[in-house]
Amino acid sequence: MLLITGYLKEQDDSHQEFEQSHRPETDHPRVLITGGLGQLGVGLAKLLRKRFGKNNVILSDIRKPADNVFYSGPFIYSDILDYKNLREIVVNNRITWLIHYSALLSAVGEANVPLARAVNITGLHNILDIAAEHSLRLFVPSTIGAFGPTSPRNPTPDLCIQRPRTIYGVSKVHAELMGEYYHYRYGLDFRCLRYPGIISADSQPGGGTTDYAVQVFHDAIKTGKFQCNLKPDTRLPMMYIDDCLKATLEVMEAPAELLTMRTYNINAMSFTPEELVQEVQKHVPEFEVTYNVDPVRQAIADSWPMNFDDNNARKDWGWKHDYDLPELVTTMFNFLGSESRIAQAN
Ligand SMILES: NC(=O)C1=CN([C@@H]2O[C@H](COP(=O)(O)OP(=O)(O)OC[C@H]3O[C@@H](n4cnc5c(N)ncnc54)[C@H](O)[C@@H]3O)[C@@H](O)[C@H]2O)C=CC1
Ligand SMILES: CC(=O)[C@H](N)C(=O)O
């Protein structure tokens, strides 16, 4: 029976997908995600495909996807520095929404400033021009890294001094300002959220300053020991990936008249490595941490917000987070714990 049910379910699913992908364009956006094979893109594609139909969401990157990603929905090679190719992809696939995830994050950017400038700034210019030319709804994420040591840090409001000290932060402030300029000058439907450090169980971070808060869970499960590359009292805004992706879809679907701004802070929690370790030890009592501070990442973290003020997002389009620190840690261990039990069983 299960086999038959499974077969019938499969038929029904594929019929539904056919339906969704062949509905008139007016029904659903046609989404292109750039830089989709990083920490956030695959999860976002999953969420958007559930909402808009598998074939209406195209994942892209310059890297080769794993089989499970490749066979989960449309994937295409796209280098955002190749303006012509990007334009062809947008036209040939009748794209109406563009989620621009391609970037070099804070620490990797400091290690390769010329490449970070090319990808994060020249690449962004290509995206802006194509989005304006084809009237796309454009999402570009910014970051807590778009602030610097002269910004108010506790809390950091949406509008304040922004003098970041990394090429990553400078490029993201540039993205915010250029996106808003294209909005006011050319009517581009530009939307931007400043993400905190994002924590996920099923994807690896891409070389940032907040990566420790992902690694800690894997090490707690694998070895019970963790070497933290930030000082124990380094407070940073953080968010579980499900909240981040939910906010991204919500702000993209928000009616334009609700948006009093085009760039919003979003917040969920702020914690220090010490506070995170204490919460982890409630699940893994024997867990041990040592501190081996990375001076580059520490200097970046010391220039970033400690707490984020996101009242405008909550007021304008109803943003609210679901995961605080205890829920985050429980969710991460539920996922990773089951994964490691499966791994041990195999
Ligand atoms: N993960 C986080 O904690 C946060 C992420 N964000 C932003 O969200 C976006 C996605 O972040 P992640 O997935 O974590 O980044 P990631 O670093 O994990 O992935 C970025 C992707 O961009 C791709 N890429 C690099 N050069 C490219 C090019 N020339 N053309 C096309 N793709 C290229 C890479 O192959 C990679 O898969 C980024 O813009 C990042 O700045 C903002 C704040 C926090
Ligand atoms: C907070 C971010 O933008 C990213 N995770 C980084 O640490 O660079």
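Whatever order the structure lists ligands and atoms in, that order sets their numbers, starting from 1.
Using a 3.5 Å distance cut-off with no hydrogens or angles, the side chains of Asp294 and Gln298 do not pair a donor with an acceptor.
In summary, Lys172 and Glu176 do not engage in a salt bridge, as defined by a charged side-chain N under 4.0 Å from a carboxylate O. A salt bridge links Arg191 with Asp189: at least one charged nitrogen is closer than 4.0 Å to a carboxylate oxygen. With respect to the salt-bridge test (charged N to carboxylate O, under 4.0 angstrom), the residues Lys246 and Asp322 qualify.
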Let's go through Gln39 and Ser203 carefully: what are the C-alpha distance in whole Å and the side-chain angles of both, what is the deciding distance for side chain to side chain donor-acceptor pair (under 3.5 Å) to 0.1 Å, and is it a yes or a no? CA-CA 5 Å; Gln39 182 188 1; Ser203 58; 4.8 Å; no
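A distance limit of 4.0 angstrom between heavy atoms and ligand 1 selects the residues Gly35, Leu37, Gly38, Gln39, Leu40, Asp61, Ile62, Arg63, Ser78, Asp79, Ile80, Tyr101, Ser102, Ala103, Leu105, Val119, Pro141, Ser142, Thr143, Tyr168, Lys172, Tyr195, Pro196, Gly197, Ile198, Gly206. Residue-level contacts of ligand 2 at the 4.0 Å heavy-atom threshold are Leu105, Ser106, Thr143, Ile144, Tyr168, Gly197, Gly208, Thr209, Thr210, Trp304.
The neighbour count for Arg314 CZ, taken as heavy atoms of other residues, nucleotides or ligands under 6.0 Å away, is above 12.
Qualifying salt bridge (Lys or Arg N to Asp or Glu O under 4.0 Å) partners for Asp158, counting only residues two or more places apart in sequence or in other chains: Arg194.
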Could you pull out all donor-acceptor pairs under 3.5 Å where a side-chain atom in residues 121-130 meets a protein atom, sequence neighbours excluded?
from: His125; atom 1: NE2; to: His174; atom 2: NE2; distance (Å): 2.7
from: Asn126; atom 1: ND2; to: Ile80; atom 2: O; distance (Å): 2.8
from: Asp129; atom 1: OD1; to: Tyr182; atom 2: OH; distance (Å): 2.6

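Shown here for Ser102 and Val119, the closest heavy-atom pair between the two residues is C-CG1, 4.4 Å.
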